[in-house]
Amino acid sequence: MTDNSKTVLLVEDNEDNRIVYSTILQHFGYRVMEALNGEEGIAKARAEKPDLILMDISIPIIDGWEATQVLKRDPDTRHIPIIALTAHALASDREKAMEVGCDSYLAKPCEPKAVVSEVQKFLGKRDGR
Ligand code: MN
């Protein structure tokens, strides 16, 4: 089962959120890698080529908007789907998410199950592959 597991890179500075999202994603069969800020997120995305990135927008050093832009401009990483996690359900955030190249967008606070179902839209369910 681990052989065909998809890898999700979770870029999130809040420890509670990291634990919650990481735990439920693993429960649903995904491998999870974590990064605590935008710089680390970019580095891990380049080094590990995850199947999908969950990108908190409010993160230290390089924010999620900029980190997404960097990865979407890089031919080596632009194919990786990025789901943005933003603190506000503002229309302007949704527009910005699309502008910088996010593939999808979730407003926080976001139920763990909503995160999983959004990830499944891109990666499929563990048993369905
Ligand atoms: Mn944050």
Side-chain angles (χ1 to χ4, degrees):
M1 184 170 72
T2 46
D3 292 330
N4 62 4
S5 286
K6 301 278 184 175
T7 301
V8 175
L9 172 60
L10 174 61
V11 188
E12 166 68 81
D13 61 328
N14 180 282
E15 186 178 15
D16 291 340
N17 286 340
R18 269 204 318 279
I19 291 168
V20 168
Y21 295 153
S22 192
T23 301
I24 193 163
L25 286 165
Q26 289 176 53
H27 175 76
F28 278 84
Y30 300 104
R31 285 183 56 222
V32 180
M33 293 181 340
E34 298 179 354
L36 279 57
N37 60 62
E39 190 178 61
E40 192 187 357
I42 291 168
K44 286 198 173 169
R46 285 178 168 157
E48 309 288 340
K49 304 289 192 307
D51 296 293
L52 181 143
I53 299 171
L54 272 173
M55 181 77 78
D56 181 26
I57 292 305
S58 180
I59 48 176
I61 306 180
I62 296 173
D63 74 22
W65 298 132
E66 199 183 334
T68 297
Q69 243 167 354
V70 167
L71 293 171
K72 288 297 186 179
R73 283 177 185 159
D74 184 338
D76 287 340
T77 53
R78 65 169 17 133
H79 65 282
I80 303 170
I82 297 181
I83 302 172
L85 299 167
T86 81
H88 305 286
L90 300 174
S92 58
D93 274 0
R94 182 173 294 272
E95 280 167 25
K96 180 130 193 196
M98 298 308 141
E99 194 184 299
V100 299
C102 292
D103 297 271
S104 182
Y105 163 103
L106 291 168
K108 287 175 154 185
C110 189
E111 284 291 316
K113 284 194 173 170
V115 171
V116 170
S117 75
E118 195 63 25
V119 168
Q120 287 175 332
K121 282 186 198 169
F122 289 91
L123 299 184
K125 297 180 183 181
R126 178 186 52 188
D127 296 326
R129 295 239 155 191

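Numbers here are sequence positions counted from 1. Treat the numbers as computed from the prediction; the structure is a model and nothing was measured.
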Trainee: Counting only pairs under 3.5 Å, give me each side-chain donor-acceptor contact of residues 41-50, with atom names and distances, residues two or more places apart or in other chains.
Mentor:
| unit_1 | atom_1 | unit_2 | atom_2 | d |
| --- | --- | --- | --- | --- |
| K44 | NZ | E34 | O | 2.7 |
| K44 | NZ | E40 | OE2 | 3.3 |
| R46 | NE | D74 | OD2 | 3.0 |
| R46 | NH2 | D74 | OD2 | 3.4 |
| K49 | NZ | R46 | O | 2.7 |

Trainee: Taking all non-hydrogen atoms of both residues, which atom of T23 and which atom of I19 are closest, and how far apart?
Mentor: OG1-O, 2.6 Å

Trainee: Mind checking side chain to side chain donor-acceptor pair (under 3.5 Å) for S104 and listing every partner two or more places apart, or none if nothing turns up?
Mentor: E118

Trainee: Do M33 and I80 sit in the same hydrophobic cluster, where Ile, Leu, Val, Met, Phe, Trp and Tyr count as joined when their side-chain heavy atoms come under 4.5 Å apart?
Mentor: yes

Trainee: Could you pull out every donor-acceptor pair under 3.5 Å between side chains of residues 52-66 and any protein atom, sequence neighbours left out?
Mentor:
| unit_1 | atom_1 | unit_2 | atom_2 | d |
| --- | --- | --- | --- | --- |
| D56 | OD1 | K108 | NZ | 3.1 |
| D63 | OD1 | W65 | N | 3.0 |
| D63 | OD1 | E66 | N | 2.9 |

Trainee: How long is the gap from NE2 on H79 to CG on L71, to the nearest 0.5 Å?
Mentor: 10.5 Å

Trainee: Hey, which of R18, E15, E12 is the one that makes side chain to side chain contact (heavy atoms under 4.5 Å, CB included) with L36?
Mentor: R18

Trainee: Is there a path of hydrophobic side-chain contacts, each under 4.5 Å between heavy atoms, that joins V20 and V11?
Mentor: no

Trainee: In this structure, would L106 and L10 fall into the same cluster of hydrophobic residues linked by side-chain contacts under 4.5 Å?
Mentor: yes

Trainee: Please tell me whether Y105 and V100 are part of a single hydrophobic cluster in this structure, the criterion being side-chain heavy atoms less than 4.5 Å apart.
Mentor: no

Trainee: According to side chain to side chain contact (heavy atoms under 4.5 Å, CB included), who are the partners of D103, at least two apart in sequence or on a separate chain?
Mentor: K72, P81, I82, F122

Trainee: As an exercise, state the distance from OG1 of T68 to CZ of R73, rounded to the nearest 0.5 Å.
Mentor: 11.0 Å

Trainee: Return the set of residues passing side chain to side chain contact (heavy atoms under 4.5 Å, CB included) with E95 (not counting sequence neighbours), or none when no residue passes.
Mentor: none

Trainee: Using the rule that Ile, Leu, Val, Met, Phe, Trp and Tyr join whenever any side-chain heavy atoms are under 4.5 Å apart, tell me whether Y21 and L9 fall into a single cluster.
Mentor: no

Trainee: Report the C-alpha separation of L25 and V119 in whole Å, then their side-chain angles, then the decisive distance to 0.1 Å, and conclude whether the side chain to side chain contact (heavy atoms under 4.5 Å, CB included) test is met.
Mentor: CA-CA 9 Å; L25 286 165; V119 168; 4.0 Å; yes

Trainee: Can you give me the closest heavy-atom contact between G29 and S5, atom names plus distance?
Mentor: O-OG, 3.3 Å

Trainee: Could you state the interatomic distance from NZ (K113) to CZ (F28), rounded to the nearest 0.5 Å?
Mentor: 6.0 Å

Trainee: State which residues pass side chain to side chain donor-acceptor pair (under 3.5 Å) with T7; sequence neighbours excluded, sorted by chain then number.
Mentor: R31

